[in-house]
Amino acid sequence: GDQVTWTREILDKLSMKQQTVLHFRDLDEWRKPMACQLLGSIKDARFFAMLSNKKNMKGHRNIRAASRSDGIGIDQIFYNWCLRIILERVTEFVYSHSIRTYGEPRHVKIILGERGTHSYARATWYAQMLKDQSKAGTTFLNKRTIKSEVFDSRLIQVSQPHLNAGLQLADIIASSFFQGVDILPPTIFDSNNALLL
């Protein structure tokens, strides 16, 4: 789709015509701002970033969530929470955008980057549970909820970043914002790329 075209155009404009995969962290430092400018200039794309400070979460216990998460590791619980926050915002945007553009809700396809450290089946189950709660009006923390009209857990896929152009573009966003907030070595703190986006 469009993501393949956009990734190819960025690689070409970075004078990397022989490359087939865009790895942001492997780019020369002078190419990173160019990649961000090129990605930010795509009119038909919308990007979301969710940042979390895991260090201030150490020792935190959510008794209500823990009671429903028996046997699930704390890393998975935290991953699910982050997934919830991003899905609430993405589905809200997709719902509004599809109503404006098409006059009806259109479904969003979710592609998760495979890292080997999370259970994607559990994440999918969790997202479906959130959708069900949203539909039933039973979401406990309900400032935002997943828009059930545009979310279908069957449209969640897991892929490896080197096989998926969309994940390669998402890596530009994630890496830029990570570098823009993490001040501890080995990260080289630099907020310029995030600001360009």
Side-chain angles (χ1 to χ4, degrees), residues 1-10 22 24 35-52 62 64-65 68-69 72 76-115 118-178 194 196-197:
D2 291 340
Q3 297 93 344
V4 173
T5 302
W6 297 334
T7 302
R8 182 71 261 158
E9 287 175 357
I10 290 172
L22 176 57
F24 187 73
C36 291
Q37 287 175 320
L38 291 165
L39 184 58
S41 69
I42 299 172
K43 289 188 293 185
D44 295 330
R46 297 295 181 274
F47 306 102
F48 298 80
M50 190 276 182
L51 291 87
S52 63
N62 181 329
R64 184 179 174 86
R68 301 191 70 175
S69 306
I72 300 176
Q76 182 71 41
I77 293 169
F78 188 69
Y79 177 85
N80 287 353
W81 176 254
C82 293
L83 181 63
R84 172 190 176 160
I85 290 172
I86 198 84
L87 284 178
E88 287 171 350
R89 282 133 181 97
V90 168
T91 59
E92 185 176 284
F93 171 81
V94 169
Y95 179 82
S96 298
H97 181 266
S98 62
I99 293 293
R100 274 194 322 272
T101 307
Y102 306 106
E104 64 182 8
R106 299 280 177 100
H107 284 96
V108 61
K109 181 178 178 181
I110 308 292
I111 302 172
L112 303 174
E114 186 172 28
R115 299 180 63 186
H118 301 294
S119 166
Y120 297 98
R122 285 190 189 266
T124 300
W125 169 84
Y126 178 72
Q128 181 62 45
M129 180 193 75
L130 292 172
K131 174 187 174 177
D132 293 344
Q133 288 177 348
S134 176
K135 266 180 107 169
T138 59
T139 306
F140 182 68
L141 297 175
N142 59 5
K143 180 176 181 180
R144 286 190 169 93
T145 61
I146 289 177
K147 289 286 192 183
S148 60
E149 300 90 341
V150 299
F151 179 77
D152 185 334
S153 61
R154 294 172 297 181
L155 294 177
I156 295 178
Q157 294 180 349
V158 179
S159 183
Q160 296 175 357
H162 70 277
L163 299 175
N164 189 284
L167 291 175
Q168 293 168 40
L169 297 174
D171 181 57
I172 295 174
I173 307 292
S175 296
S176 295
F177 279 91
F178 178 78
L196 286 169
L197 291 165

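In what follows, every heavy atom counts, from backbone to side chain, and hydrogens, waters and symmetry copies are set aside.
To the nearest 0.5 angstrom, D171 atom CG is 11.5 Å from N164 atom CG. How far CG of L169 is from CD1 of I10: 5.5 Å, rounded to the nearest 0.5 Å. To the nearest 0.5 Å, the span separating CD on E149 from NZ on K135 amounts to 8.5 Å. The distance from atom CD1 of I111 to atom CG of L167, rounded to the nearest 0.5 Å, is 6.0 Å. Here CZ of F48 is found 11.0 Å from CD1 of I173. Values are rounded to the nearest 0.5 Å. One finds the CZ atom of F151 at 5.0 Å from the CD1 atom of I146 (value rounded to the nearest 0.5 Å).
Taking each heavy atom of C36 and L197 in turn, the nearest pair found is O-CD2, 3.5 Å. In terms of heavy-atom proximity, V94 sits nearest to R106 at CG1-O, 3.4 Å. For P161 against Q168, the heavy-atom pair with the smallest separation is O-NE2, 3.1 Å. Contact between L155 and H107 at its shortest, heavy atoms only, is CD1-CB, 3.6 Å. Residue V150 comes nearest to P105 through the heavy atom pair CG1-CB, 3.9 Å, listed as atom of the first residue, atom of the second, then distance. Nearest heavy-atom pair across R144 and R84 is O-NH2, 4.0 Å.
In summary, the side chains of D132 and Q128 do present a donor paired with an acceptor at a separation below 3.5 Å, with no hydrogens or angles considered.
Side-chain atoms of F47 and I172, non-hydrogen and from C-beta on, never get closer than 4.5 Å to each other. With a 4.5 Å cut-off on side-chain heavy atoms, W81 and S52 do not count as touching. At least one side-chain heavy atom of L83 sits under 4.5 Å from a side-chain heavy atom of L112.
Not a single donor-acceptor pair under 3.5 Å links the side chain of E92 to the backbone N or O of K147. A donor-acceptor contact shorter than 3.5 Å is absent between the side chain of Q3 and the backbone of A165. S96 places no side-chain N or O within 3.5 Å of a backbone atom of F93 that could act as its donor or acceptor partner.
Annotation: salt bridge (Lys or Arg N to Asp or Glu O under 4.0 Å) contacts of R8 (sequence neighbours excluded): D12.
Applying the salt bridge (Lys or Arg N to Asp or Glu O under 4.0 Å) definition to pairs two or more places apart or across chains, those involving residues 152-163 are D152-R154.
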